[in-house]
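See structure below.
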There are 2 protein chains.
Amino acid sequence: MTATRPLRADAERNRQRIVEAAKTLFAERGVDVAVEDIAAAAGVGIGTFYRRFPDRESLVEAVFVTKFERMIQAAHDALEIEDPWDAFRTWVVTVARMHARDRGLKDVVLSSDRGREKVAEFRAIIQPLAGELLDRAKAAGALRDDVSALDVPMIHQAVSAIAEITRDVAPEYYERTLTLFVDGLARERTPTPMVAPPIEMEQFLTIMSRKGKR
Amino acid sequence: MTATRPLRADAERNRQRIVEAAKTLFAERGVDVAVEDIAAAAGVGIGTFYRRFPDRESLVEAVFVTKFERMIQAAHDALEIEDPWDAFRTWVVTVARMHARDRGLKDVVLSSDRGREKVAEFRAIIQPLAGELLDRAKAAGALRDDVSALDVPMIHQAVSAIAEITRDVAPEYYERTLTLFVDGLARERTPTPMVAPPIEMEQFLTIMSRKGKR
DNA sequence: GAGGAAGTGGAAGGTCTATCTCCGGTTATC
DNA sequence: GATAACCGGAGATAGACCTTCCACTTCCTC
């Protein structure tokens with residue numbers, strides 16, 4: 001195969017920088033940031049970017065493989081929790097927070113092109129874990145029966161959408177939406193306390209009149 | 001003021017057609033559809049469009065004023081319902097469904113430019129109505145106390161986001177997300193039955209691999 | 001039913017925004 | 001200090017989209 005010789009020191013350094021810059025920018029502004037911006041943030045030229053990565057998509061893949069691993073880890077961790085509802089809740093909340101903090105995650109999970117195989121691979125691994133968390137919580141009578149495993153990623157998309165529009169103005173706001181969701185998933189329960197304050201009218205107006213779409 | 005003489009018959013006909021076509025396209029594809037597509041759908045040329053409307057935004061405004069009126073009407077109607085929780089729930093659900101069926105609604109409510117004044121006007125009218133629905137439901141002990149009036153439009157944004165990605169594949173799916181939300185808003189309650197079936201794996205994959213963003 | 005005001009279509013101009021290529025100049029490494 | 005590897009960024013390329021303009025057509029009035 002391609003017995004690639006190691007990159008020259010400066011080249012390797014720049015590669016790292018590009019990945020780091022991309023991680024940050026993807027999280028803040030979604031996977032659609034311009035290559036130009038990524039290169040600038042990394043302190044290199046566009047040319048350097050294209051010498052290291054065949055195209056934009058490869059970079060996206062390189063960045064998100066790590067994230068996928070972390071999501072899988074979250075499921076494993078949750079499975080360690082004894083109380084079935086607590087385990088399920090923890091997992092849902094943890095992944096929701098990852099989405100809330102990384103705007104790009106949603107884009108990648110939703111896309112067909114970007115890291116097609118990687119996403120499929122990820123799904124194959126996460127599904128049985130998610131299934132177990134779900135089944136256990138249902139068996140314990142804590143989770144409503146009519147919830148399907150596929151409702152969970154949808155919830156994450158919804159939370160991500162809210163985080164996306166509120167991020168700049170009230171970065172913790174999404175927690176409220178998340179709380180409502182999680183309480184809606186419970187079978188019988190009094191409300192969980194909200195962990196974030198309500199939004200102020202002024203913040204609301206700012207959110208609702210955001211310019212452009214980035 | 002401008003005592004505008006009535007349009008010539010054919011011109012008026014075309015104007016109507018443009019508005020109708022826009023209504024449909026905005027609902028299906030969001031407010032960002034190209035003027036070219038609207039004109040084509042209306043069976044007129046681009047030139048005709050620009051003779052009737054000074055620019056794109058004016059059309060958007062013309063189309064959504066009606067929608068706003070309908071949302072206000074929904075609040076009035078809900079206030080007629082005696083049971084405070086039922087009234088609140090009905091209002092939230094009705095507006096959520098409007099969002100689910102009209103992709104453009106979200107865009108307009110979120111935007112700063114499009115019909116700036118109209119949106120502000122709309123908010124001024126809807127706020128007291130929403131406040132009353134909320135307060136009554138809280139006073140009756142049916143709605144959790146820690147919900148703020150501004151959480152409601154956020155819920156609508158979330159439902160709209162879900163409807164947006166699922167619309168083409170499973171047009172009723174959003175009802176599940178909505179049910180979870182509404183149940184999460186209740187103070188103490190066992191789950192409301194879901195009105196839509198869970199999503200199938202195949203549908204899920206289609207949704208998650210949607211091309212482009214339209 | 002004729003004349004002219006009003007209306008029409010769509011090519012073309014103008015802007016943007018992005019990705020990716022190319023190559024003269026620079027730097028690390030042996 | 002030779003040279004292969006690397007760098008930066010202008011510019012080629014592509015695709016959307018909004019809006020203008022004007023030669024041509026249609027409606028309405030007298």
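Order of the sequence lines sets the chain letters (A, B, ...), proteins ahead of strands, with each chain counted from 1. Bear in mind that the values here come from a model prediction, so they are computed numbers and not experimental data.
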For this session: Could you tell me which residues satisfy side chain to side chain contact (heavy atoms under 4.5 Å, CB included) with A:Val152, sequence neighbours excluded, listed by chain and number?
Result: A:Phe88, A:Trp91, A:Val92, A:Leu134, A:His156

Exercise. Taking only residues two or more places apart in sequence or in another chain, which ones pass side chain to side chain contact (heavy atoms under 4.5 Å, CB included) with B:Asp135?
Worked result: none

Output side-chain donor-acceptor pairs under 3.5 Å for residues 174-186 of chain A, partner residues at least two apart or in another chain, one line each.
residue, atom, partner, partner atom, Å
A:Glu175, OE1, A:Arg97, NH2, 3.1
A:Glu175, OE2, A:Arg97, NE, 2.6
A:Glu175, OE2, A:Arg97, NH2, 3.3
A:Arg176, NE, B:Asp151, OD1, 3.1
A:Arg176, NE, B:Asp151, OD2, 3.4
A:Arg176, NH1, A:Ala196, O, 2.9
A:Arg176, NH2, B:Asp146, O, 2.6
A:Arg176, NH2, B:Asp151, OD2, 2.7
A:Thr179, OG1, A:Glu175, O, 2.8
A:Asp183, OD1, A:Thr192, OG1, 2.5
A:Asp183, OD2, A:Thr192, N, 2.8
A:Asp183, OD2, B:Arg144, NH1, 2.7

Exercise. For the pair made of CD1 in B:Ile18 and C1' in C:dG10, what is the distance, rounded to whole Å?
Worked result: 14 Å

Exercise. CG of A:Asn14 versus C1' of C:dT26: gap in Å, rounded?
Worked result: 13 Å

For [X], give me all partners under salt bridge (Lys or Arg N to Asp or Glu O under 4.0 Å), at least two apart in sequence or on another chain.
| X | result |
| --- | --- |
| A:Lys23 | A:Glu20 |
| B:Arg8 | B:Asp10 |
| A:Arg52 | none |

Exercise. Using a cut-off of 4.0 Å between protein heavy atoms and nucleotide atoms, how would you tag nucleotides 13-30 of chain D 5' to 3' with B, S and -?
Worked result: ----SSBB-----BBS--

Exercise. Does A:Thr48 place a side-chain N or O at less than 4.0 Å from the phosphate oxygens OP1/OP2 of D:dG8?
Worked result: yes

For this session: Sequence neighbours left out, what passes ring-ring contact (aromatic ring centres under 6.0 Å, His included) with B:Tyr173? Give chain and number order.
Result: none

For this session: Assign B:Arg15 to base, sugar-phosphate, or nothing according to its heavy-atom contacts below 4.0 angstrom with the strands shown.
Result: nothing

Within the sub-3.5 Å range, which N or O atoms of nucleotides 15-17 of chain C have a protein N or O partner, and how far apart are they?
none

Which pairs of donor and acceptor atoms, one on a side chain in residues 43-51 of chain B, lie under 3.5 Å apart (sequence neighbours left out)?
none

For this session: Taking atom types as modelled, find out whether B:Gln16 and B:Glu12 have a side-chain donor-acceptor pair closer than 3.5 angstrom.
Result: yes

Which atom pairs, one a donor and one an acceptor, fall under 3.5 Å between side chains of residues 58-66 of chain A and the rest of the protein, sequence neighbours left out?
residue, atom, partner, partner atom, Å
A:Ser58, OG, A:Asp55, OD1, 2.9

Problem set entry | Angle of first-five versus last-five pair axes in the helix from C:dG1-D:dC30 to C:dC30-D:dG1, to 10 degrees | 10°

